[in-house]
Protein chains: 2
Amino acid sequence: MPKRKKDVCEIFCYNKKLVDSLKREIIGRGEIAGLSSIFDVLSDQTRLKMIYLLSKRELCVCDLANVLNLSISAVSHQLRRLRDLRLVKFRSEGKMAFYSLEDSMVKDLFKSALSYVQKK
Amino acid sequence: MPKRKKDVCEIFCYNKKLVDSLKREIIGRGEIAGLSSIFDVLSDQTRLKMIYLLSKRELCVCDLANVLNLSISAVSHQLRRLRDLRLVKFRSEGKMAFYSLEDSMVKDLFKSALSYVQKK
DNA sequence: ACCTCATTTGAATACTTGCTCAAATATAAT
DNA sequence: ATTATATTTGAGCAAGTATTCAAATGAGGT
């Protein structure tokens with residue numbers, strides 16, 4: 001709970017009716033948490049690159065690490081985050097694990113954001 | 001620069017040809033930085049709420065703070081981040097500053113992500 | 001059984017970030 | 001000018017996070 005003392009303008013700009021109705025509206029939007037977690041997982045360059053690569057072809061952990069110039073461990077940690085959000089799936093073949101995108105929706109999000117960035 | 005010693009599987013899973021071509025491909029994608037910064041700014045619940053609210057109506061800093069139950073200062077700091085990425089614009093009227101969305105593309109991104117979240 | 005190798009996992013560290021507090025601007029009213 | 005108010009800004013703190021290191025797991029090969 002943040003405390004606001006005289007930090008708040010209670011007389012002039014505080015539009016109580018509007019503020020109250022907006023408060024109710026915002027509280028109703030439980031999706032905000034879901035939204036932020038999906039954007040959050042996409043906010044890291046390493047994970048973005050992984051998603052980009054995996055959207056094209058299946059790759060093993062080691063090759064991913066080599067392409068990204070990261071340690072195997074770092075890649076594995078990030079893959080776990082992507083797995084937790086069901087963005088990637090994997091199949092194991094012998095000792096190795098091959099990862100690929102779980103579904104194409106992330107790819108679409110990636111694409112719309114890309115066109116947004118390119119227009120700027 | 002990360003150092004990889006024997007962490008790397010150089011004999012079996014390292015597919016040099018593929019890795020090299022993917023490396024070139026990834027380096028070519030300078031957009032990754034832009035993508036991550038747009039996703040990053042959207043990865044915070046406070047900023048998401050602000051964007052949602054501002055996409056509907058123009059609001060002053062103080063009312064935003066009241067709706068979000070945050071200090072004026074916190075809101076102002078976040079607004080600056082949104083301004084830096086040109087996601088919001090503002091006009092000042094007297095002592096007050098009224099903010100609104102700069103363009104609708106973010107709104108679209110917001111919407112596609114929302115439908116993604118809701119499908120899960 | 002043993003050894004090797006690909007991957008995973010937990011702990012520790014260094015870096016990032018959202019908020020608060022205090023001070024600074026800016027604009028309007030007296 | 002002085003005062004009051006709406007917003008901005010910079011510094012500092014606390015919480016979160018990406019990476020590394022070391023150890024654990026798991027699956028084959030000998």
Side-chain angles (χ1 to χ4, degrees), chain A residues 1-15 19 33 36-37 39-50 58-66 68-85 88-99, chain B residues 1-15 19 33 36-37 39-50 58-66 68-85 88-99:
Chain A
M1 286 294 161
K3 45 188 162 154
R4 277 170 288 106
K5 287 165 280 190
K6 51 192 201 169
D7 211 1
V8 142
C9 43
E10 309 181 52
I11 305 163
F12 293 104
C13 89
Y14 182 84
N15 184 337
V19 165
S36 87
S37 62
F39 284 131
D40 191 49
V41 85
L42 294 173
S43 69
D44 177 74
Q45 297 206 29
T46 297
R47 286 191 296 268
L48 272 179
K49 286 175 188 169
M50 292 169 98
E58 175 179 77
L59 285 170
C60 70
V61 180
C62 174
D63 278 352
L64 259 177
N66 272 288
L68 300 171
N69 246 293
L70 284 176
S71 72
I72 302 276
S73 179
V75 170
S76 184
H77 276 295
Q78 298 292 22
L79 281 171
R80 198 162 80 83
R81 287 203 58 181
L82 296 178
R83 249 188 298 139
D84 287 348
L85 280 187
V88 301
K89 59 177 182 238
F90 76 107
R91 75 187 168 82
S92 29
E93 190 180 310
K95 307 181 230 174
M96 300 167 67
F98 288 92
Y99 281 82
Chain B
M1 285 297 161
K3 43 187 165 160
R4 277 171 290 105
K5 287 165 282 191
K6 52 188 202 172
D7 211 1
V8 142
C9 43
E10 308 179 54
I11 304 163
F12 293 104
C13 88
Y14 182 84
N15 183 339
V19 165
S36 89
S37 62
F39 284 131
D40 191 49
V41 86
L42 295 173
S43 70
D44 176 74
Q45 297 206 28
T46 296
R47 287 192 296 269
L48 274 178
K49 288 175 188 168
M50 292 169 96
E58 177 179 75
L59 285 170
C60 71
V61 180
C62 174
D63 278 351
L64 259 177
N66 273 288
L68 300 171
N69 247 293
L70 283 176
S71 74
I72 302 277
S73 178
V75 170
S76 184
H77 276 293
Q78 298 292 21
L79 282 170
R80 197 162 80 84
R81 287 203 58 181
L82 296 178
R83 249 188 298 140
D84 287 349
L85 280 187
V88 301
K89 60 177 181 241
F90 76 108
R91 76 188 167 82
S92 32
E93 190 181 310
K95 308 179 230 176
M96 300 168 67
F98 288 92
Y99 281 81

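In what follows, chains are A, B, ... by sequence order, proteins preceding strands, each numbered from 1. This one's a predicted model, so the numbers in the text were calculated from it and none came from an experiment.
Picking from D:dT19, C:dT8, C:dG18 the nucleotide with the shortest atom distance to the side chain of B:Gln78 gives C:dG18. Out of C:dT9, D:dT9, D:dT7, the shortest distance to the side chain of B:Cys62 is found at D:dT7. When the nucleotides C:dT4, D:dA18, C:dT8 are ranked by their closest atom to the side chain of A:Ala97, C:dT8 comes out on top. Of the listed nucleotides (C:dT7, D:dT8, D:dT7), D:dT8 has the atom at the smallest distance from the side chain of B:Arg83. Among the nucleotides C:dT7, D:dC21, C:dC5, the one closest to the side chain of A:Ser73 is D:dC21. Candidate nucleotides C:dT17, C:dC19, C:dT8 were compared by shortest atom distance to the side chain of B:Arg81, and C:dT17 ranks first. Residue B:His77 has its side chain nearest to D:dG10 when only C:dT7, D:dG10, D:dG28 are considered. Counting only heavy atoms from C-beta on, B:Cys60 has its side chain closest to D:dT7 among C:dA28, D:dT7, D:dG28.
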Go through the steps for A:Met50 and A:Thr46 under the test side-chain contact (heavy atoms from CB on, under 4.5 Å), then give the verdict. CA-CA 6 Å; A:Met50 292 169 98; A:Thr46 297; 4.0 Å; yes
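Going from atom CZ of A:Phe90 over to atom P of D:dG26 covers 12 Å, rounded to whole Å. Per the geometry, CG belonging to A:Asn66 stands 10 Å off P belonging to C:dT7, to the nearest Å. Atoms CG (A:Leu59) and C1' (C:dT7) sit 15 Å apart, rounded to a whole Å. Summarising the geometry, the separation between CG on A:Asp63 and C1' on C:dA6 is reported as 12 Å, rounded to the nearest angstrom. Between the CZ atom of B:Phe98 and the P atom of D:dT8 there is a distance of 12 Å, given to the nearest Å. If you measure from atom NZ of B:Lys95 to atom P of D:dA6, you get 6 Å, rounded to the nearest angstrom. Computed from coordinates, the B:Met50 CE to C:dG18 P distance equals 12 Å when rounded to whole Å. If you measure from atom CG of A:Leu48 to atom P of D:dA18, you get 12 Å, rounded to the nearest angstrom.
The two residues A:Ala97 and A:Phe90 make their nearest non-hydrogen contact at CB-CD1, 4.0 Å. Annotation for B:Asp63 and A:Asn15: closest pair OD1-N, 3.2 Å, computed over non-hydrogen atoms.
Considering only side-chain N and O atoms, A:Tyr99 lies under 4.0 angstrom from the phosphate OP1 or OP2 of C:dT8. Taking side-chain N and O atoms only, B:Arg80 has no distance below 4.0 Å to OP1 or OP2 of D:dT7. Distances shown here put every side-chain N or O of A:Ser71 at or beyond 4.0 Å from the OP1 or OP2 atom of D:dT19.
Nearer to the 5' terminus of DNA chain D, by closest-nucleotide assignment, is the contact made by A:Thr46 (compared with the other of A:Glu93 and A:Thr46). Judged by closest nucleotide on DNA chain D, B:Ser76 is the one of B:Ser76 and A:Asp44 placed further toward the 5' end.
In this structure, the side chains of A:Cys62 and A:Ile72 come closer than 4.5 Å at one or more pairs of heavy atoms. Counting heavy atoms from C-beta outward, A:Arg47 and A:Val88 have side chains that stay 4.5 Å or more apart.
Put simply, OG on A:Ser36 and CZ on B:Phe39 are 13.5 Å apart, with the number rounded to the nearest 0.5 Å.
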